[in-house]
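From a predicted model like this one, the values you see are computed outputs, not experimental measurements. The basis for the numbers below is simple: all heavy atoms, side chains too, and nothing from hydrogens, waters or symmetry mates. Note on naming: letters A, B, ... go to the chains in the order of the sequence lines (proteins, then strands), and numbering restarts at 1 for each one.
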2 protein chains.
Amino acid sequence: MNIGEIARRAGVSRSTVSYVLSGKKAVSEPTRQRIQAVIDELDYRPNATARALREGRTHTLGLVIPPATARLTDMQLGFVASVVEAAARVDLDVLLSPSGGDHDRSFERIVTSRRVDGVILMEIRLEDDRVSRLRQTGLPFVTIGRTADPSGMSWVDVDYAGLISRCVGHLADLGHQQIALVNRSAELVAAGYGPGHRAQVGFSAAVTERGLTGVEVCCGDDASAGEACVEQLLAAHPDVTAIATINEAALPGMQRALDTAGLAVPRDFSVAGVAARHWAEDFRPALTAADLPMLEMGADAVALLMECIATPQAPPRHQLYSPPISLRASTGPVRGR
Amino acid sequence: MNIGEIARRAGVSRSTVSYVLSGKKAVSEPTRQRIQAVIDELDYRPNATARALREGRTHTLGLVIPPATARLTDMQLGFVASVVEAAARVDLDVLLSPSGGDHDRSFERIVTSRRVDGVILMEIRLEDDRVSRLRQTGLPFVTIGRTADPSGMSWVDVDYAGLISRCVGHLADLGHQQIALVNRSAELVAAGYGPGHRAQVGFSAAVTERGLTGVEVCCGDDASAGEACVEQLLAAHPDVTAIATINEAALPGMQRALDTAGLAVPRDFSVAGVAARHWAEDFRPALTAADLPMLEMGADAVALLMECIATPQAPPRHQLYSPPISLRASTGPVRGR
DNA sequence: TTGTACGCGTTATCAT
DNA sequence: ATGATAACGCGTACAA
């Protein structure tokens, strides 16, 4: 079923059918109706591939995700969902590309074969060669997270440094002197993963500024790693009375470890962090945390990308989220000796 | 940059370049090398859209997921990741379509505009009009889960009925007489969601066969729903000593509720279920459960779909998973009075 | 090895 | 004002 068939049945030329479809040129009412009737009857829809070829636009955007082998965290997946949804709202389809290492076939295919109008890049590192690759191809792109030097590109990111600073400040206000940062996994931090790195920076700054003792530990992105991590932390640093964290996937395990150690939250121990609302509220007691606006971030990323596509010469824009810390039940004054 | 440009620079015709690219026809070695050099130099890759138009294949498959508004469960998302990964291994791209209600623009676009070579449909119901829609279009598709009458189509599914039966059997062997089924959400079950429905069936059958008392409750797909659900369950049916569940997302909450009620697992209370390994191992104590082979399911779905695409007239195939129950630490003999 | 038709829809141009 | 003709986007594959 193609446009020629419709034209034949309606007794007109292909172009007339096309004009009825697009409305870009006036077609007399009787003709229009006759054509529309045929279209409706056969449930005809133009071939998206042919249209894309002609228009030079695929109405598709690429979303580069971390490979599934490194289990995606709930937050990453939530982000994928929010991007897909935001794209669907503006009639854009989303092509997924799992891309981990440097040159990945799927990634290359997407960026070099003009399968998409633009790309959203997740989980980027401070130095990220996928970014350089995209830059050199000239394909519009938006990153989630930013590189060390994000000038000249569009991105959305969370101000992990500032948020962790504020968490530490909040804990310090409550009298905590020995505070630990539970970061993301050691591999990620070592690989120059932005949030991990910036959380460190914000943590150090706040600890120094407030004259506190800070302990930094890395922790895998899952519950059992969280449990082991806090267990070790408590053993090595028994005087730590509070944790600040950006590792939401580890929260359930951290909770268990505190439980096992007989530490009641917030009476004996405080925890604050940066997390999607969902995770914060599932913590027991509910976590004092800066709630990441996941849905908004996905929608904004799509919006930024559409801008890049529409006006490539326009100056890039970005969005740095610094949501307020929602005071819940997991932080309290340090226990007197 | 297109094939004509390569041809011009190499001083040959476009067809010759095409043959070098595809290898479908012999090209003399010197010419081949000259052309290849130009291709390498300019890092040329054929336009996927043009190729798709000509070949009538997009090398893309559609994955229809539940809309993000209804937060996707970890399992669903894990499945998405496994499909994407499996597809990437065979050089297929995956186009995501969030589709909830009956006629969704994104779904329609994908199935009627020939954007994809085939579709994988997630989260289908016993009666699912997306299935009917796909059937009438003739687009190859594979479903995750099966409709009431799955004849004539390819699918992969988990034998929830059988697995829940075996869970109940295991609990009965341990002496439990009052067993509850914690199902998926009431809306899903009411909407004719296969796993929910079949879990009910398997549960009833096993309960009857063993002469037990069974209680069925529905439960939202998240931790807090699980907590509330078990809380109510314990209040309404204080003599229940064991739970069988297919609702993995609710597990953390169920755990909390048992905790709060002062019930030690497995001493005072047993829990068994069907869950991805990851969830089972995060339960405390580790959950006795039939471990869902998520990665395998995704890979098999892709493989089945490729078969459908390659030989549309071939008889449809399916895969029913019935993984063994891994005995962990959450089930034990019923406590003597 | 090359010329050329083809896949399908869009749109500028021309004819009525 | 309305509709038709034809070129075009890009790669593929058959006939020559």
Side-chain angles (χ1 to χ4, degrees), chain A residues 1-39 42-60 91 109-117 137 139, chain B residues 1-39 42-60 91 109-117 137 139:
Chain A
M1 184 49 43
N2 60 27
I3 202 172
E5 179 69 18
I6 304 293
R8 195 170 317 118
R9 299 203 189 207
V12 294
S13 73
R14 295 185 306 155
S15 44
T16 310
V17 177
S18 180
Y19 289 128
V20 167
L21 248 11
S22 69
K24 291 189 178 174
K25 218 175 160 187
V27 173
S28 73
E29 191 53 23
T31 319
R32 202 197 62 71
Q33 286 193 2
R34 196 168 71 249
I35 295 173
Q36 190 60 54
V38 178
I39 290 173
L42 301 183
D43 196 22
Y44 166 75
R45 304 286 298 272
N47 181 315
T49 305
R51 178 175 271 180
L53 177 58
R54 171 67 223 219
E55 293 187 336
R57 288 199 50 184
T58 60
H59 295 277
T60 304
D91 285 332
R109 199 165 50 229
I110 284 191
V111 303
T112 62
S113 317
R114 281 146 294 176
R115 301 219 45 179
V116 297
D117 298 333
T137 64
L139 191 64
Chain B
M1 184 49 44
N2 59 30
I3 201 171
E5 180 67 21
I6 304 295
R8 192 170 319 120
R9 299 203 189 206
V12 295
S13 72
R14 294 184 306 155
S15 17
T16 310
V17 178
S18 179
Y19 289 128
V20 167
L21 249 11
S22 67
K24 290 188 179 174
K25 227 175 156 185
V27 173
S28 77
E29 191 53 24
T31 320
R32 200 195 65 71
Q33 287 192 0
R34 195 168 71 249
I35 294 173
Q36 190 62 53
V38 178
I39 289 173
L42 302 184
D43 196 22
Y44 165 76
R45 304 285 299 270
N47 181 314
T49 304
R51 180 175 266 183
L53 177 59
R54 172 67 222 212
E55 294 189 334
R57 287 201 49 185
T58 59
H59 294 279
T60 304
D91 285 333
R109 199 164 50 229
I110 286 192
V111 302
T112 62
S113 316
R114 279 146 294 177
R115 302 216 47 177
V116 298
D117 298 333
T137 64
L139 191 64

How would you label the contact of A/Thr49 with the nucleic acid (heavy atoms, under 4.0 Å): base, sugar-phosphate, or nothing? nothing

What is the per-nucleotide protein-contact pattern of nucleotides 10-16 of chain C, from the 5' end, where B denotes a base atom under 4.0 Å from a protein heavy atom, S denotes such proximity for sugar-phosphate atoms only, and - denotes neither? BBBB---

How far does OG1 of B/Thr16 sit from NZ of B/Lys25, to the nearest 0.5 angstrom? 9.0 Å

Full working for side-chain hydrogen bond (donor to acceptor under 3.5 Å, both in side chains) between A/Ser15 and A/Ser18: CA-CA 5 Å; A/Ser15 44; A/Ser18 180; over 6 Å; no

Does B/Ser13 or B/Leu53 map to a spot on DNA chain C nearer the 5' end, using the closest nucleotide for each? B/Ser13

Among all residues two or more places apart in sequence or in another chain, which pass the side-chain contact (heavy atoms from CB on, under 4.5 Å) test with A/Arg51? A/Pro46, A/Glu55

How long is the straight-line distance from CG of A/Leu42 back to CD of A/Glu5, given to the nearest 0.5 Å? 7.0 Å

For a 4.0 angstrom threshold against heavy atoms of chain A, report the outermost contacting nucleotides of DNA chain D in 5' to 3' order. D/dT2 to D/dC10

Name the nucleic acid region contacted by A/Val27, choosing base, sugar-phosphate or nothing; use a 4.0 angstrom heavy-atom cut-off, strictly under. sugar-phosphate

Heavy-atom check, side chain of B/Thr60 versus side chain of B/Arg115, under 4.5 Å: no

Any side-chain to backbone donor/acceptor pair from A/Arg32 onto A/Ala26? Under 3.5 Å, distance only. no

Could you check whether A/Val17 gets within reach of a base, just the sugar-phosphate, or nothing at all, counting any heavy atom under 4.0 Å? nothing

Interatomic distance, A/Asn2 atom CG to A/Arg8 atom CZ [nearest 0.5 angstrom]: 7.0 Å

When the distance from CD1 of A/Ile35 to C1' of C/dG9 is rounded to whole Å, what number comes out? 14 Å

Got a second to check how far A/Arg109's CZ is from B/Asp91's CG, nearest 0.5 Å? 4.5 Å

note: B/Asn47, atom CG; C/dG7, atom C1'; distance rounded to Å ~ 14 Å

